[in-house]
Enquirer: 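Please find one structure pasted underneath; my questions will follow.
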Amino acid sequence: MTIADRIKSLREKQGFTQSTLAKRLCVTRSAVNAWEAGISTPSSPLLIELARLFHVSSDYLLGIENTATLDISGLEQEEIQILHSLIQYFKSKKGNAC
């Protein structure tokens, strides 16, 4: 998956149009379109803003790491434990696939 694919996917998951994302970042809609088309890439400061906006690491956006992060701030310890248990459950099921 390319940076263009990741930006588009994250934007769509957030429910943003290209125009909405452009306004949030103070850039033009055509700039966002160019990123998603793979014509250009966001500058370093904009990569940081995208990472913050979408709650992912810049490494994830750049394709250096394939894991997304999950913001658990504000959750109770019990809720965090439930999330950890769910993650372990899904990993174990994936490991058992043929």
Side-chain angles (χ1 to χ4, degrees):
M1 184 180 268
T2 66
I3 185 172
D5 297 328
R6 289 176 194 263
I7 292 171
K8 182 176 182 178
S9 175
L10 290 166
R11 174 183 62 77
E12 289 174 342
K13 284 180 185 174
Q14 197 73 26
F16 293 162
T17 64
Q18 287 183 343
S19 295
T20 304
L21 180 58
K23 287 177 186 174
R24 296 283 301 261
L25 299 172
C26 298
V27 298
T28 63
R29 188 209 52 83
S30 62
V32 173
N33 185 59
W35 300 340
E36 292 183 1
I39 297 167
S40 66
T41 56
S43 65
S44 296
L46 286 171
L47 279 172
I48 293 167
E49 287 302 312
L50 284 164
R52 287 182 180 148
L53 180 64
F54 295 132
H55 306 288
V56 297
S57 69
S58 55
D59 283 354
Y60 176 78
L61 282 173
L62 294 169
I64 296 170
E65 105 185 4
N66 287 325
T67 57
T69 58
L70 181 62
D71 182 6
I72 59 171
S73 58
L75 296 180
E76 300 290 329
Q77 188 61 36
E78 181 180 356
E79 295 165 328
I80 294 169
Q81 288 299 327
I82 291 169
L83 287 173
H84 281 287
S85 296
L86 280 171
I87 291 166
Q88 291 306 314
Y89 171 78
F90 290 129
K91 284 183 177 181
S92 71
K93 289 294 184 186
K94 190 172 187 171
N96 291 334
C98 296

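All figures in this text were calculated on a predicted structure; none of them were measured in a lab. Side chains included, hydrogens not; waters and symmetry mates left out as well; all remaining heavy atoms used.
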Enquirer: Calculate, to the nearest 0.5 Å, the distance between atoms CG and CD belonging to Leu53 and Gln14 respectively.
Expert: 6.0 Å
Enquirer: Distance from Lys8 atom NZ to Met1 atom CE, nearest 0.5 Å?
Expert: 11.0 Å
Enquirer: Do you know which two heavy atoms are closest between Leu25 and Trp35, and how far apart they sit?
Expert: CD1-CZ3, 3.8 Å
Enquirer: Report yes if the side chains of Gln77 and Gln81 come closer than 4.5 Å at any heavy-atom pair, otherwise no.
Expert: yes
Enquirer: Any side-chain heavy-atom pair from Ile7 and Pro42 closer than 4.5 angstrom?
Expert: yes
Enquirer: Atom CD1 in Ile72, atom NE2 in His55: separation rounded to 0.5 Å?
Expert: 13.5 Å
Enquirer: I'd like to check Phe54 versus Leu21 (side-chain heavy atoms, cut-off strictly below 4.5 Å). Are they in contact?
Expert: yes
Enquirer: In Å, rounded to the nearest 0.5 Å, how long is the span from NZ of Lys23 to CD of Gln18?
Expert: 13.0 Å
Enquirer: Are the side chains of Leu61 and Leu10 in touch, meaning some heavy atoms are under 4.5 Å apart?
Expert: yes
Enquirer: Taking Ile64 as the starting point, is it possible to reach Leu47 by hopping between hydrophobic residues whose side chains are less than 4.5 Å apart?
Expert: yes
Enquirer: Start with the C-alpha distance between Ile48 and Arg52, add both sets of side-chain angles, then the distance that settles side-chain contact (heavy atoms from CB on, under 4.5 Å), and finish with yes or no.
Expert: CA-CA 6 Å; Ile48 293 167; Arg52 287 182 180 148; 3.7 Å; yes
Enquirer: List the atom of Ser57, the atom of Ala51, and the distance in Å for their closest heavy-atom pair.
Expert: C-CB, 4.0 Å
Enquirer: Going by distance alone, is a donor N or O of one side chain under 3.5 Å from an acceptor N or O of the other, for Thr28 and Ser30?
Expert: yes
Enquirer: If you round to the nearest 0.5 Å, how far is CG of Leu62 from CD1 of Ile3?
Expert: 5.0 Å
Enquirer: In Å, rounded to the nearest 0.5 Å, how long is the span from CG of Leu50 to CZ of Arg11?
Expert: 11.5 Å
